[in-house]
Amino acid sequence: MAGRFLEQDDDDPILSVVNLIDLFLVITVILLIIVVRNPLNPFSSENVVVVENPGEDNMTITIKDGEELTRYESNGTIGEGDGIKAGVTYKLPDGKMVYVPE
């Protein structure tokens with residue numbers, strides 16, 4: 001009779017749940033590694049400029065320079081000042097912008 005209690009029941013539903021949790025943890029870790037190593041991740045490079053809502057009243061600019069993050073927020077007003085023309089920018093048919101200094 002003592003041998004009856006030592007037998008393992010392979011149809012235990014808790015073991016299936018534990019195996020599913022392990023599987024989801026492995027998949028989650030793999031997806032996180034893919035996201036971190038993605039070359040399109042804007043914060044993976046040393047210097048980055050991110051513009052959110054360009055041209056709108058709530059536009060923000062985030063600049064990453066090494067380890068330092070600087071955030072600029074628009075207040076909706078148009079700036080003005082004195083200056084001189086420094087060059088001309090042309091838009092090519094493929095969408096690239098070319099700056100030509102004067």
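Values in this document were obtained by computation on a predicted structure and should not be read as measured data.
With values rounded to the nearest 0.5 angstrom, K64 atom NZ is found 7.5 Å from L69 atom CG. The distance from the OG1 atom of T70 to the CD1 atom of I63 is 6.0 Å, given to the nearest 0.5 Å.
The salt bridge (charged side-chain N to carboxylate O under 4.0 Å, His left out) test applied to E73 returns R71, not counting sequence neighbours. For I84, there are no side-chain contact (heavy atoms from CB on, under 4.5 Å) partners at least two apart in sequence or on another chain. Residues forming a side-chain contact (heavy atoms from CB on, under 4.5 Å) with L25 (at least two apart in sequence, or on another chain): I21. Residues meeting the side-chain contact (heavy atoms from CB on, under 4.5 Å) test with V51, sequence neighbours left out: V49, P54, M59, I61.
Alongside Y99, the hydrophobic cluster contains no other residue (criterion: ILVMFWY side chains under 4.5 Å).
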Output side-chain donor-acceptor pairs under 3.5 Å for residues 87-96, partner residues at least two apart or in another chain, one line each.
from	atom 1	to	atom 2	distance (Å)
D94	OD1	K96	N	3.1

